Each structure stands twice: as structure tokens, then as C-alpha cells.
Amino acid sequence: MQIRILFVGDIVGKPGRNTFKSLIDDLKREYEPDVVIANAENAADGFGITKKIYDDLSKYADVLTMGNHVWDKEEIFSWIDDVDKIIRPVNLPVGSAGCGFKILTVKGMDVMVINAIGRVFMNPVDSPFSVLDELIDRYSNVSIKFIDFHAEATSEKQAIGWFLDGKVSAIVGTHTHVQTADERILPKGTAYISDAGMTGCHDGILGFKYEEALERFIKAIPKRLKVCKTNLKLDGVIIDIDDSGKALKIQRISKPFKADK
Ligand code: FE2
């Protein structure tokens, strides 16, 4: 017995949401995943998520993961504890709203989906190493564990990979919005990729128009970033895991979407 997970890289703004919603049925037909997980921390105009967008995206995914932008839309505090398909980084301060993991039942097996966030070049949070170590220990009865590790530094992502090799089924990096070509199965059976990539416009800088970003870089003017809309693609990975929790396969995907098709 094995399960297949489709993970969709960071969905950025409306172009990203449209790309995801337009391609997901074809992807489900092509890959026949048992579980669909998508990172949605940039779904609302690039910054956070609203209830309306949660209701929309959660029709197509089993779990939505978040990251450093989880609290950008303040309204989230009024609903995150009342819904069951969104998780926020597990290593935020104790007592934070929401939950950092979710256990699904898939083909009669428990599948634990965890969201965690890095600390290198990011805001201070609890150690992802100690929080994940404790959590994984506490749920040792769950064989299949998937982690979306939302982090800036590739070194920290690789460190989590080696730290948890053999203890979890898959570690998929998010946040940098650029898909990396380092997917592999680590020696003790954990599927790993430093970054799954991004779903949305690939003609800008991380899904945003480059003009405002250039103002920031060249003149240090803090222009508000605007989502760009062209060269749409859905980036992600397909991961196969056996019932003991060992990963069998990890495959990158990057699907273009022609909005006028
Ligand atoms: Fe992020």
C-alpha cells in the first residue's frame, strides 16, 4: 500500500489562484494523488489569506499550509480556529492562533501534515529543530509525516532535511518561490526538495511586478509590491510514500497555464 501526495508551491495572488484552480483537475487526472496540499500564505494579493479565499481554495486541496505571511490579513484571527483545512507554522510562539499540523486519514492510514518555518534571515520564532523533534516523537504512532518547511536559507532547509532523515516521509521547502532541482530521497528514506517553487506569474520577482521591486533595490524606496499576471505556471512536487512512511519517489512538476486558452 502506498499514497501519493501532490504538493503545490506558494500560490501568489489572484493569478496564482486562477492558475491553481484551472490546472488542478487536470493534475488530479494525470497524477491521481491521494492528498493535495498547497501553500497559500501569499494567496491574498501576495500577503496572507482571507476567509473568502480559504473557502475557495479549500474546495480543491486537503490542507493549506502557511508561512511568515500567515497573519498579514488580520481577519484571519476571527476564523482560523473554526476551520479544518489550514495549518500555520508549528514553531510560532506557544498560544498562537490556529494549529501547526493536521492528521488526515488516507486509504485507512494516518497522514500527518506539518507546517514549520525557518529562523535564518527571518523573524525570530521557536527552534524548528527542537519543536519538530518533540512533535515527531509525540506522534511516533503516525508513520506517514509530511513537512512544508517554509524558510529563506537553503542551508537551513538542508539542515532540517538531514536532521529529520528517516524520521519523516517528506520535507518540501517553500518561501523562496524558485523551484530547486535538488529533489532526492535521502539515505534513510525521506523525500527532500529545497523549494517546490511558486504558482502564479513567473515574469516578475517572486510573483510580483519587478518595477516596484526594482525601486526597492535601486533607490531603497519601500514601494508596495503588486502581483504580476503573465507567464503563469503551477510549480510543485509529486511524492509517493509507502505505508511504513518511507518515500519511494519525488518528482518536480511545473505546468504552464495559458489564461486565454
Ligand atoms: Fe513566505
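When reading the values below, keep in mind they use all heavy atoms of this one structure, side chains included, and skip hydrogens, waters and symmetry mates. In listed order, ligands and their atoms are each counted from 1. All figures in this text were calculated on a predicted structure; none of them were measured in a lab.
In summary, N42 places no N/O/S atom under 2.8 Å from the Fe ion (ligand 1), failing the contact criterion.
Shortest distance from the Fe ion (ligand 1) to H175 is reached at ND1 (N/O/S atoms only).
Exactly one of Y192, F129, F149 qualifies for a ring pair (Phe, Tyr, Trp, His ring centres under 6.0 Å) with F163. That residue is F129.
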CA sep, side-chain torsions, deciding dist, call: D148, V172, side chain to side chain contact (heavy atoms under 4.5 Å, CB included):
CA-CA 5 Å; D148 168 353; V172 173; 5.6 Å; no
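Taking the six-membered ring where the residue is Trp, Y60 and F20 present perpendicular rings, their angle passing 60° and hence far from 30°.
A salt bridge is absent between D62 and K85; no separation between the charged side-chain nitrogens and carboxylate oxygens falls under 4.0 Å.
Centred on the Fe ion (ligand 1), the NE2 atom of H150 and the OE2 atom of E41 lie at an angle of 90°, reported to 10°.
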